[in-house]
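Below is one structure, written out as structure tokens, with a few remarks after it.
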Amino acid sequence: MKRISTIVVAVVALLLGATTYAAVTRPGSSTRTAKPRHALTVTAKMSGLLYPGSIRPLRLRVKNLLPRKVKALAVDVKVGKPTGRCPAWAVVGGRFAVRVTLPRGATRTVWASLRMLPSSPNACQGAQIPLSFSMTLDGRP
């Protein structure tokens, strides 16, 4: 298998600027539509090269924007359609247990990973890979 090193440049550039928000609503608001509000920011950084058959760690910095502490139970890493002719199935994220308490305004590091499947074509070389994140929070006060 040939290493696809140029994809790392695109992924790292994307990950360094990749920020997303998780939305939460108030419990018991089923009778009316509650506006989601930004609860967390997630910034990601990947370590190492991503090439066919590789799995690389993602360091996620999670900041709590809520006026109370929250417990994060899991993070979902969703991979969007890469640019060019790289197929959507070539890079895989997933759901990762994190189990971390975030006091109001605190930032914590949690870990996830990205995997490029061994059957990924050379078209993935240099592709930009969009990522999004969502977190499962413990709803108890």
Side-chain angles (χ1 to χ4, degrees), residues 1-140:
M1 278 182 231
K2 180 179 174 184
R3 285 185 170 230
I4 301 177
S5 60
T6 55
I7 196 169
V8 173
V9 174
V11 171
V12 170
L14 177 66
L15 292 176
L16 289 175
T19 302
T20 189
Y21 296 98
V24 296
T25 56
R26 292 178 184 259
S29 62
S30 60
T31 57
R32 62 185 173 103
T33 303
K35 277 188 172 181
R37 58 183 183 198
H38 299 296
L40 305 170
T41 60
V42 179
T43 308
K45 183 175 181 179
M46 187 180 75
S47 299
L49 301 173
L50 189 62
Y51 56 90
S54 68
I55 299 173
R56 293 294 171 242
L58 279 177
R59 185 182 79 190
L60 306 176
R61 297 289 290 161
V62 182
K63 182 172 183 171
N64 180 7
L65 301 176
L66 293 173
R68 60 180 170 81
K69 80 174 180 179
V70 294
K71 291 181 183 178
L73 304 176
V75 62
D76 289 296
V77 178
K78 294 180 183 126
V79 179
K81 168 70 173 93
T83 59
R85 296 176 64 164
C86 183
W89 54 261
V91 180
V92 179
R95 183 174 182 85
F96 303 90
V98 293
R99 311 259 190 251
V100 64
T101 299
L102 293 120
R104 179 178 73 173
T107 301
R108 297 286 187 264
T109 299
V110 297
W111 293 90
S113 63
L114 276 182
R115 178 171 61 124
M116 183 176 278
L117 298 177
S119 56
S120 298
N122 284 335
C124 292
Q125 185 172 344
Q128 292 181 357
I129 303 168
L131 300 175
S132 62
F133 309 93
S134 60
M135 297 195 83
T136 302
L137 304 177
D138 185 347
R140 289 179 284 183

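Values in this document were obtained by computation on a predicted structure and should not be read as measured data.
Atom CG in Leu66 sits 7.5 Å away from atom CG in Leu137 (nearest 0.5 Å). Here the CG atom belonging to Leu114 is positioned 10.5 Å from the CD1 atom belonging to Ile55, to the nearest 0.5 angstrom. One distance of note links CG of Leu60 with OG1 of Thr43; it measures 9.0 Å at 0.5 Å rounding. Between the CZ atom in Phe133 and the OG1 atom in Thr41 there is a gap of 11.5 Å [rounded to 0.5 Å].
Residues satisfying the side chain to side chain donor-acceptor pair (under 3.5 Å) criterion with Ser113, sequence neighbours excluded, are absent altogether. Partners of Leu117 according to the side-chain contact (heavy atoms from CB on, under 4.5 Å) rule, which considers only residues two or more places apart in sequence or in another chain, are Trp89, Val92, Arg115, Ser119, Ser120.
Screening residues 73-87 for salt bridge (Lys or Arg N to Asp or Glu O under 4.0 Å) gives Asp76-Arg95 as the qualifying pairs, with residues at least two apart or on separate chains.
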N/O donor-acceptor pairs under 3.5 Å from side chains in residues 96-110, not counting sequence neighbours:
{"unit_1": "Thr109", "atom_1": "OG1", "unit_2": "Arg61", "atom_2": "NH1", "d": "2.4"}

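The side-chain heavy atoms of Pro82 and Cys124, taken from C-beta on, include no pair separated by under 4.5 Å.
Closest of all the heavy-atom pairs between Arg68 and Val70 is NH1-CG1, 3.3 Å.
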